[in-house]
Amino acid sequence: MSDPQVWDDVDAYFTRHLSPQDDALDAALRDSDAAGLPPIAVSAPQGKLLRLLAEIQGARRILEIGTLGGYSTIWLARALPADGRLVTLEYSARHAEVAVANLARAGFGALADVRVGPALESLPKLAEEQPPPFDLVFIDADKANNPHYVEWALKLTAVGSVIVVDNVVRGGRVADPDATDGAVLGTRAAIELIAGHPRLSGTAVQTVGAKGYDGFALARVTS
Ligand code: SAH
Ligand code: DHB
Ligand code: MG
């Protein structure tokens, strides 16, 4: 059924059973809303998918591009061991401030490193620190820069690392030949980069749910 109300109901059903009552996540969304942040965090089932991907991966180090209020960050942080590391990059100082408070309340004040500024400035600074490779990179910021973020992810990862790109479908616009907006063109460039890259093996999956009709790309660094 292609009815958004049904997608919502099914997401509510899955959430009720698979990621029930969760004070830290509920509070993160509530305070993000109260601070006027846009309601564009991943859904609970998507957040749980991120956590499971990171756990399946045995991730010890995670990089996120696009923090918002830290909702997806909390899901990802829960996959990490106590001595794990999570760096998350956010353009907006206001969003980052909300995220820092949400992460602290969730118990990740020490583990999560929120860095403010345009990610294309934060990424070269991060690379200069020569961090150990990140095991998982979640790309979820300004979509026009998606191909650049995939390139940076390649520089900051190693064989076996996983790259996830959010919002690659956007109601189907990714395949609209008449689309001219930067988000669609950037996402398409990222898909085509993954498709043609000798060091990446990837796919993309369409999703429906509380966040509408969208999808994510998943790639593994192969060499
Ligand atoms: N990952 C979050 C949602 C992120 S929304 C979650 O699912 O909970 C996208 C975020 O990217 C916004 O907070 C926006 O401010 C940020 N952003 C936009 N352009 C950016 C840039 N150039 N560098 C870093 N962050 C950016
Ligand atoms: C938007 C951004 C997101 O990361 C998302 O998951 C949904 C919507 C947006 O910019 O509209
Ligand atoms: Mg997103």
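Just follow the structure's listing: the first ligand is 1, and inside any ligand the first atom is 1.
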Practice task
Treating Ile, Leu, Val, Met, Phe, Trp and Tyr as nodes and any side-chain heavy-atom pair under 4.5 angstrom as an edge, say whether L126 and V221 lie in one connected cluster.
Solution key: yes
Handout entry: Backbone or side-chain N or O of V42 under 3.5 Å from ligand 1 N or O
Key = yes
Fill in the blank from the handout: Among N, O or S atoms, D140 approaches the Mg ion (ligand 3) most closely through OD1
Completion exercise
Closest to atom 26 (C) of ligand 1 (heavy atoms only, candidates Y91, F138, W75) is Y91
Exercise for the section: Could you go through the salt bridge (charged side-chain N to carboxylate O under 4.0 Å, His left out) check for R51 and E55 one step at a time? Expected result: CA-CA 6 Å; R51 175 183 177 160; E55 287 172 346; 2.7 Å; yes
Practice task
Could you name the option among L76, D142, L120, L37 that has the heavy atom nearest to atom 22 (N) of ligand 1?
Solution key: D142
Problem - Closest approach of Q57 to S161 (non-hydrogen atoms, all atoms of both residues) - result: NE2-CA, 3.6 Å
Handout entry: Hydrophobic cluster identity match, V165 and V162, side-chain contacts under 4.5 Å
Key = no
Practice task
Check T67 against ligand 1 and report side chain, backbone, both or neither, counting heavy atoms closer than 4.0 Å.
Solution key: backbone
Exercise for the section: Provide, to 0.1 Å, the distance between atom 14 (C) of ligand 1 and the closest protein heavy atom, together with that atom's residue and name. Expected result: E90 OE2, 3.4 Å
Completion exercise
CH2 of W75 to CG of L52, rounded to nearest 0.5 Å, is 8.5 Å
Exercise for the section: Quick one: closest heavy-atom pair of G70 and A99, and the distance? Expected result: N-CB, 3.7 Å
Identify all pairs of nitrogen or oxygen atoms, one from ligand 2 and one from the protein, separated by less than 3.5 Å, and list them with distances.
unit_1   : atom_1 : unit_2 : atom_2 : d
ligand 2 : 4 (O)  : D140   : OD1    : 2.6
ligand 2 : 4 (O)  : K143   : NZ     : 3.0
ligand 2 : 4 (O)  : N167   : OD1    : 2.8
ligand 2 : 6 (O)  : I40    : O      : 3.2
ligand 2 : 6 (O)  : D166   : OD2    : 3.3
ligand 2 : 6 (O)  : N167   : OD1    : 2.9
ligand 2 : 6 (O)  : N167   : ND2    : 2.8
ligand 2 : 11 (O) : R170   : NH2    : 3.1

Fill in the blank from the handout: The residue among V87, L89, T88 that forms side-chain contact (heavy atoms from CB on, under 4.5 Å) with V114 is T88
Handout entry: Where at least one partner belongs to residues 82-101, residue pairs that pass salt bridge (charged side-chain N to carboxylate O under 4.0 Å, His left out), sequence neighbours excluded
Key = R60-D83, R85-D113
Fill in the blank from the handout: Among non-hydrogen protein atoms, atom 3 (C) of ligand 1 lies closest to D140 OD2, 3.2 Å
Problem - G117 neighbourhood, listing ligand 1 atoms whose heavy-atom distance to it stays under 4.0 Å - result: 23 (N), 24 (C)
Practice task
Starting from the C-alpha separation in whole Å, work towards a yes-or-no answer on side chain to side chain contact (heavy atoms under 4.5 Å, CB included) for V150 and L200.
Solution key: CA-CA 10 Å; V150 172; L200 288 172; 4.0 Å; yes
Problem - Contact (N/O only, under 3.5 Å) between S92 and ligand 1 - result: no
Practice task
Could you tell me whether A41 and ligand 1 have an N or O pair separated by under 3.5 Å?
Solution key: no
Practice task
Flag D166 as yes if one of its N/O/S atoms falls below 2.8 Å of the Mg ion (ligand 3), otherwise no.
Solution key: yes
Exercise for the section: Below 4.0 angstrom from a heavy atom of L68, which ligand 1 atoms are there? Numbered from 1 as shown, please. Expected result: 2 (C), 3 (C), 4 (C), 5 (S), 13 (O)
Handout entry: Non-hydrogen side-chain atoms of L18 and P45 separated by less than 4.5 Å
Key = no
Practice task
Check whether any side-chain heavy atom of L49 sits under 4.5 Å from a side-chain heavy atom of F216, and report yes or no.
Solution key: yes
Practice task
Check each atom of ligand 1 against the heavy atoms of H95 and keep those under 4.0 Å away; list them by number with element.
Solution key: 12 (C), 13 (O), 15 (O)
Handout entry: Side chains of D22 and R78 in contact at under 4.5 Å (non-hydrogen atoms)
Key = yes
Completion exercise
Per-atom filter on ligand 1: closer than 4.0 angstrom to a heavy atom of Y149 are 21 (C), 22 (N), 23 (N)
Handout entry: Spacing of CG belonging to D142 relative to CG belonging to L120, to within rounding of 0.5 Å
Key = 7.0 Å
Exercise for the section: Compare all side-chain heavy atoms of I139 with those of N146 and state whether any distance is below 4.5 angstrom. Expected result: yes
Practice task
Take K211 and D166 through the salt bridge (charged side-chain N to carboxylate O under 4.0 Å, His left out) test and state the conclusion after the steps.
Solution key: CA-CA 11 Å; K211 299 288 154 174; D166 197 22; over 6 Å; no
Exercise for the section: Verify the distance test for N167 against the Mg ion (ligand 3): any N/O/S atom under 2.8 Å, yes or no. Expected result: yes
Practice task
Could you say whether the N/O atoms of A119 and ligand 1 ever approach to under 3.5 Å?
Solution key: yes
Completion exercise
re atom 5 (S) of ligand 1, the protein heavy-atom contact at minimum distance is I40 CD1, 3.6 Å
Handout entry: Identity of the nearest option to atom 2 (C) of ligand 1, non-hydrogen atoms only, from P39, S43, P118, S72
Key = S72
